Amino acid sequence: MSENLINTVTTKADFQQALKEVGINATDACLVHTAMSKFNYVPGGPETIVQALEKTLSEGTLMMPSEVTTNCDPATWEYPPVRKGLIQIVRDNMPPYNPATSITVGLGVTPEYFRRLPDIVRSNHPYLPIAIWGKNKEKIAKKQPLNIPYGVNSPLDYLYQNHGKIIFLGTDYETCTMLHYAESTIGRKTETCLAATDVDENGKTIWAEYQNIDMDSYDDFNKLGAAFEKAHPNKRKAVKLNNGIIKVIDAHALIDFAREWFKQKDNQ
């Protein structure tokens, strides 16, 4: 017998039932993180997951991070780094951000599938866009600022202001993009970043500067999440689905907790 035998199947109906059990309502606004492999075999893969989410949020808003993590200054790359003599060549030939075509990098197959759907609106930030479906999608996408892209007026701000929810489909707090909103709204020091945004008349890439926080300075998201759940057990719900866990977090409560957590760390 093949060691790759499929012995667990998770269907669209299974996802819908699990989302109902953790309290997702049709009118909710949700930011979703996915790890499809945790549910073993999913017939239809990301298509099934997205359909289950859209069916459940039929009158609400669905968001997924859609980062273009290659669209940053190649002089800062580490995995792998670029040889010094090639940095300018990379800069001159990097395709500028295009909401319709720029590939989502490093987040798995589901966010990339999601952002390519015809009824999705993707925000215009060249490095940290969000893909959005459902209620107010155009308005939410349009407001994301170039500077501090996960801060005030970002899609994450909309989620916080509208008491939205974070859905972990097999993931954990380490993937929680929403925590960058907490970081971005406590007055932290910013740094200058670069992103490819256009091309000149000679076809050479134009790079734009913007300000953002250092999003790599905190490395304790799971520790923060555990402390949050201990302090606010009624602000999260979880259900086991085959070999994966689906968890739903109250975004407003998490952000209020995380702001204080980060402030304490910054003052140490």
Side-chain angles (χ1 to χ4, degrees), residues 12 15 19 24 28-39 42-72 94-146 149-151 153-159 162 164-171 174-181 184 193 195-198 205 208 210 212 215 246 251:
K12 180 169 68 174
F15 281 112
L19 290 167
I24 298 299
D28 283 337
C30 295
L31 179 70
V32 180
H33 299 280
T34 61
M36 188 170 60
S37 62
K38 296 294 180 66
F39 301 97
V42 179
E47 181 178 7
T48 292
I49 290 175
V50 170
Q51 286 181 357
L53 288 164
E54 291 182 348
K55 185 73 172 179
T56 302
L57 294 167
S58 58
E59 301 173 51
T61 306
L62 171 61
M63 306 183 197
M64 289 190 192
S66 190
E67 301 171 15
V68 188
T69 53
T70 52
N71 192 6
C72 61
M94 179 65 70
Y97 174 65
N98 183 325
T101 60
S102 295
I103 296 173
T104 302
V105 180
L107 300 178
V109 297
T110 304
E112 171 61 7
Y113 169 82
F114 179 67
R115 72 95 189 157
R116 296 179 67 176
L117 293 174
D119 54 352
I120 300 301
V121 174
R122 197 181 191 196
S123 60
N124 284 322
H125 198 274
Y127 183 65
L128 296 172
I130 302 287
I132 309 165
W133 173 90
K135 183 180 178 180
N136 294 329
K137 60 185 180 182
E138 291 88 357
K139 176 182 176 181
I140 299 167
K142 184 178 181 180
K143 292 181 68 176
Q144 186 177 21
L146 179 64
Y150 280 160
N153 287 327
S154 71
L156 305 185
D157 187 42
Y158 178 91
L159 200 74
N162 288 273
K165 298 173 181 177
I166 304 156
I167 302 176
F168 295 145
L169 294 179
T171 64
E174 193 66 30
T175 68
C176 188
T177 299
M178 192 67 188
L179 288 174
H180 293 308
Y181 173 71
S184 298
C193 306
T197 56
D198 207 343
T205 298
Y210 66 96
N212 198 14
M215 297 198 305
I246 293 179

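Since this is a predicted model, take the numbers as computed values, not measurements. Because only heavy atoms are used, hydrogens play no part in the values below, and waters and symmetry mates are left out as well, while side chains stay in.
To the nearest 0.5 Å, atoms OG1 (Thr197) and CG (Asn98) are separated by 12.0 Å. Atom CG of Leu179 is separated from atom CG of Leu156 by 10.0 Å, given to the nearest 0.5 angstrom. The distance from atom CH2 of Trp133 to atom SG of Cys30, rounded to the nearest 0.5 Å, is 10.5 Å. Taken from OG1 in Thr48 to OH in Tyr113, the straight-line distance is 8.5 Å, to the nearest 0.5 Å. The CG atom of Asn162 sits 11.0 Å away from the CG atom of Asp28 when rounded to the nearest 0.5 Å. To the nearest 0.5 Å, atoms CG (Leu57) and CE (Met63) are separated by 10.5 Å.
Put simply, the side chain of Tyr150 reaches to within 4.5 Å of the side chain of Gln144, judged on heavy atoms. Ser66 has its side chain out of reach of Leu107: every pair of non-hydrogen atoms, C-beta onward, lies at least 4.5 Å apart. Within the 4.5 Å cutoff, the side chain of Phe15 has heavy atoms near those of the Val42 side chain.
At least one donor-acceptor pair under 3.5 Å links the side chain of Lys137 to the backbone N or O of Asp119. The closest donor-acceptor contact from the side chain of Asn71 to the backbone of Pro126 lies under 3.5 Å. At distances below 3.5 Å, at least one donor-acceptor pair connects side-chain atoms of Thr205 with backbone N or O atoms of Met94.
Residues satisfying the ring pair (Phe, Tyr, Trp, His ring centres under 6.0 Å) test with Tyr210, not counting sequence neighbours, are His125. With sequence neighbours left out, Thr171 forms a side-chain contact (heavy atoms from CB on, under 4.5 Å) with His33, Ala35, Phe168, Thr175. Applying the salt bridge (Lys or Arg N to Asp or Glu O under 4.0 Å) rule to Glu112 yields the partners Arg115; only residues at least two apart in sequence or on another chain are considered.
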